Undergrad: 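Just dropping this structure here.
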Amino acid sequence: MPRRHKRWLTTLLLSVTGCAGPFPQTTLAPKSDFGIAIDQLFTNIFWWAVAVFVVVEGLLLYAIIRFRARPGAPPPKATHGHTALEIGWTLAPAVILVFIAVPTIQTIFRTSGQAPDGAMQVEVIGHQWWWEFRYPDLGVVTANELHLPVGRPVALAMTSADVIHSYWAPGLGGKRDVILGRTSRLAFTADSIGTYYGQCAEFCGESHANMRLRVVVDSASAFDAWVAREQAGPAPIAPGSVEEKGRAVFARSACIACHTMEDVPAARAVIGPNLTHVGARSMIGSEMVENRPDHLAQWIANSAAMKPGSKMPPMVLPPEDLTALVAYLRSRQ
Ligand code: CUA
């Protein structure tokens with residue numbers, strides 16, 4: 001095979017295999033009422049577009065073939081206006097636009113963020129570059145992992161602590177800008193248990209691409225168990241343990257200037273994520289890396305090396321203090 005052909009074949013193969021799944025952030029497999037409403041609207045308009053395409057291209061091809069220039073044929077007859085045709089091609093697009101506009105406007109109202117009574121309230125706060133989730137009725141505050149019960153309406157009230165971000169978990173529906181000083185609302189009911197990935201969808205600075213989130217949709221009982229664990233307060237610490245030493249390191253370090261940690265009275269700051277149950281989260285750094293002791297140690301030593309622009313300053317600690325601090329954080333289940 002000539003080299004040029006080989007290159008084409010490789011490009012083609014790469015393009016085709018690029019279409020293989022899985023697609024953790026697809027919008028085409030909606031798992032909430034909100035997502036289904038958007039999907040139906042998309043499908044509806046897609047078929048209108050297909051119909052328009054087929055009619056217009058069909059007429060074009062017909063005209064090109066039927067009326068093409070033939071040798072020896074006289075010049076075509078000039079036509080000056082055709083009232084019926086002109087009314088027809090003005091009315092037809094207007095009617096099509098009505099068929100597109102009516103369901104579009106209906107969907108805009110259906111997805112405007114009005115939640116039914118009894119919906120679970122969650123406050124979402126976008127930060128450079130992580131997500132804070134507060135459950136005011138449950139007294140739970142967490143970061144980057146939004147836990148929801150399946151089948152129950154949820155009302156998200158969203159704002160920003162700094163610049164404009166945009167909340168988007170595509171599998172569960174629409175995208176909303178989150179803006180300092182304003183509240184954006186999003187309401188939906190998740191219909192399938194699973195983990196749905198999302199990310200910030202508005203450029204917000206250096207680590208915009210690393211401002212990820214996950215939504216964990218659980219059965220009612222698994223969700224209640226998660227809430228109970230979050231509400232249970234800090235996990236106990238054995239006297240004289242390495243975790244106790246780690247807590248002392250935390251309490252005398254810069255950690256307390258930015259984080260809340262329930263069993264460290266001086267740590268009540270809300271600049272960074274609440275760490276009371278950080279050990280229970282599966283990832284750190286807003287879904288940057290798995291929550292493992294080595295990653296935690298690297299993160300504490302120099303988070304900006306893992307996540308460009310990270311606002312957490314590097315911490316220089318003696319190795320045994322760092323190990324104790326990591327053990328303490330890991331025990332915060
Ligand atoms: Cu936050 Cu982009």
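Atoms within each ligand, like the ligands themselves, are counted from 1 in listed order. What you are looking at is a predicted structure, and each value in this text was computed from that prediction instead of being measured.
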Undergrad: Between N210 (side chain) and W130 (backbone), is there a donor-acceptor pair under 3.5 Å?
TA: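 No; zero donor-acceptor contacts below 3.5 Å.
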Undergrad: Using a 3.5 Å distance criterion without hydrogens, assess whether the side chain of K175 forms a donor-acceptor pair with backbone atoms of Y167.
TA: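 No; zero donor-acceptor contacts below 3.5 Å.
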Undergrad: Looking only at N, O or S atoms, find the one in E202 nearest to atom 2 (Cu) of ligand 1 and name it.
TA: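 So the atom name we want here is O.
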Undergrad: Taking backbone and side chain together, does H165 place any N/O/S atom at a distance below 2.8 Å from atom 2 (Cu) of ligand 1?
TA: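 Checking atom 2 (Cu) of ligand 1 against H165, no N, O or S atom falls under 2.8 Å.
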Undergrad: Quick one: angle H208 ND1 - atom 2 (Cu) of ligand 1 - C200 SG, to the nearest 10°?
TA: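 The angle at atom 2 (Cu) of ligand 1 comes to 120°, rounded to the nearest 10°.
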Undergrad: More than 12 foreign heavy atoms under 6.0 Å from CZ of R268: is that the case here?
TA: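 Check passes, neighbour count above 12.
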Undergrad: Under 2.8 Å from atom 1 (Cu) of ligand 1, can any N, O or S atom of M211 be found?
TA: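 Checking atom 1 (Cu) of ligand 1 against M211, an N, O or S atom does fall under 2.8 Å.
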Undergrad: Would you please indicate yes or no on a ring centroid separation below 6.0 angstrom for F34 and W168?
TA: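 W168 vs F34: aromatic centres not under 6.0 Å.
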